[in-house]
Amino acid sequence: MKYYSTNKKISGVSLQDAVVKGLAEDKGLFMPDSIKRLPQSFFDSIETLSFQEIAYTVADAFFGADVEAEALKKIVYETLNFDVPVVPVNDNIYSLELYHGPTLAFKDVGGRFMSRLLGYFIQKQGQKNVKVLVATSGDTGSAVANGFLGVEGIHVYVLYPKGLVSPIQECQFTTLGQNITALEVDGTFDDCQALVKSAFMDEELNAKLKLTSANSINVARFLPQSFYYFYAYAQLKKMGKADNVVMCVPSGNFGNITAGLFGKRMGLPIKRFIAANNRNDIFLQYLQTGVYTPRPSVSTIANAMDVGDPSNFARVLDLYGASHEAITAEISGVSYNDEQIAETLKACKQQTGYLLDPHGAVGYRALQVGLAADETGVFLETAHPAKFLETVEGIIGEKVEIPQKLQEFMKGEKKSLPMSKDFESFKSYLMTI
Ligand SMILES: *Cc1c(COP(=O)(O)O)cnc(C)c1O
């Protein structure tokens, strides 16, 4: 499979180059030349297959031509050694719990898959000293850092906004050591993302260092996220709930929802999507007006979605041939403020006993408001509520139990380097590593 850039100046790129480069040289995002439709027979018996079996079929459609079958199978099976159950919450609303991996957030799937695929290519090329740059609003850093921890030949630099990630999120990438370095940027997530993007565009840096990105701009990060949409569908089918499925995706950089849209293109019977936003409603504005106007992000209690210029918007546009009409036919949007998020989290706990995290709460609310009587709604519960401990405990007025995996991280010692948001100082740092 070859990849082209959403900016259309670059095409014919191999998977290996797309993964190692991350971002195309014309600053566009890589897209596969074609999206294979999976055969009807796959969907007819999907409920009899395991998560790994389903994921391997999907992975094979994307990567099968470029990665040997045995290696790909190993990558898929090692990545997905945890469950992503669909859990009923209320009426026709289900939670797709994506937080049973090592860092308790959905990004574990893409982070683990990408680290293994990149490791595979680097080994094949006989390369060393690859530097992975990753900007994080919280969860990406932990998933990517933990995915890459100890992977030979690769060093990861995690850029995160000072004071804007929760203490538990922070300890998941600042306490690891080894081949993981945390950079605490005096700025917002958008500033971190801009630093990473500028680094990729800087000729001098790229001449000196082998740089790559592990944000959802990387195809190896975002495409594997389609796996669990298929598995969610399989679980719904088993429950007799697979008609008129609405997938509601709490969205920030739009990598997660884009993976779902790819799934639909591959034939997965999803009726429609909802992109659920916090107050950073750039996508909703686009749906309503047809005009895309990025603006600086504002900070909210669903901080992993505090994104003012979602990078995967370019992929959504590309997927629909830039047709606003086609996009609005399949995707609707919502935006909720912090009070609404808190109110939803609290009410859901009281009425159903189910504990949402602030991101999942945005998705749950969108389904409560927007689901038709004949539809089944699934929202992606993107992180474990304990990752946002202070916020969630403050809202429900109760203690939240911290899973053992998180407690382990909290025991470590925080180590990070302060960094200004100014590119020149970031660049001079990179020149010394
Ligand atoms: C990253 C993240 C999101 C947003 O996902 P995108 O793919 O960037 O749209 C939502 N919730 C949580 C908890 C996240 O970590």
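Counting starts at 1 for both ligands and their atoms, in listed order. This is a predicted model, so every value here is computed, not measured.
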Enquirer: Between F113 and F227, is the ring centre distance below 6.0 Å?
Expert: yes
Enquirer: Would you say the rings of F30 and Y4 are close, in the sense that their centroids are separated by under 6.0 Å?
Expert: no
Enquirer: Could you identify the single nearest non-hydrogen protein atom to atom 12 (C) of ligand 1 and state the distance to 0.1 Å?
Expert: T382 OG1, 3.3 Å
Enquirer: Output the list of atoms in ligand 1 that are nearer than 4.0 Å to some heavy atom of G255, sorted by atom number.
Expert: 6 (P), 7 (O), 9 (O)
Enquirer: Can a non-hydrogen atom of P250 be found less than 4.0 Å from any atom of ligand 1?
Expert: yes
Enquirer: Among protein heavy atoms, which lies nearest atom 4 (C) of ligand 1, and at what distance?
Expert: G252 N, 3.5 Å
Enquirer: For the ring pair F388 and H359, is the centre-to-centre distance below 6.0 Å?
Expert: yes
Enquirer: Give the residue, atom name and distance (to 0.1 Å) of the protein heavy atom nearest atom 8 (O) of ligand 1.
Expert: N253 N, 2.7 Å
Enquirer: Pick out which of N303, T188, D190 makes a side chain to side chain donor-acceptor pair (under 3.5 Å) with S297.
Expert: D190
Enquirer: May I ask you to check whether F106 has an N/O atom sitting below 3.5 Å from an N/O atom of ligand 1?
Expert: no
Enquirer: Using a strict cut-off of 4.0 Å, indicate which atoms of ligand 1 neighbour a heavy atom of D139.
Expert: 12 (C), 13 (C), 14 (C), 15 (O)
Enquirer: N/O of D357 under 3.5 Å from N/O of ligand 1, yes or no?
Expert: no
Enquirer: Given K107, R221, H359, Q169, which one has a non-hydrogen atom that is nearest to atom 1 (C) of ligand 1?
Expert: K107
Enquirer: Looking at K427, I'd like to know if its NZ atom is crowded, meaning that more than 12 non-hydrogen atoms belonging to other residues, nucleotides or ligands lie closer than 6.0 Å.
Expert: yes
Enquirer: Parallel, tilted or perpendicular for Y286 and Y292, by the 30°/60° rule?
Expert: perpendicular
Enquirer: Would R37 count as a cation-pi partner of F262, with NZ or CZ less than 6.0 Å from the six-membered ring centre and within 45° of the ring normal?
Expert: no
Enquirer: So, 4.0 Å and heavy atoms of F222: is ligand 1 close enough to count as a contact?
Expert: no
Enquirer: How does K387 reach ligand 1, if at all, at less than 4.0 Å between non-hydrogen atoms: by side chain, backbone, both, or neither?
Expert: neither
Enquirer: Just jot down the ligand 1 atoms closer than 4.0 angstrom to any heavy atom of A383, in number order.
Expert: 13 (C)
Enquirer: According to ring-ring contact (aromatic ring centres under 6.0 Å, His included), who are the partners of F254, at least two apart in sequence or on a separate chain?
Expert: F283
Enquirer: For residues 401-408, please give each side-chain donor-acceptor pair under 3.5 Å, one per line with the distance, not counting sequence neighbours.
Expert:
unit_1, atom_1, unit_2, atom_2, d
Q404, NE2, E408, OE2, 2.9
K405, NZ, H100, O, 3.0
K405, NZ, G101, O, 3.3
Q407, NE2, I402, O, 2.8
E408, OE2, K411, NZ, 3.3

Enquirer: By number and element, which atoms of ligand 1 are closer than 4.0 Å to a non-hydrogen atom of N256?
Expert: 7 (O)
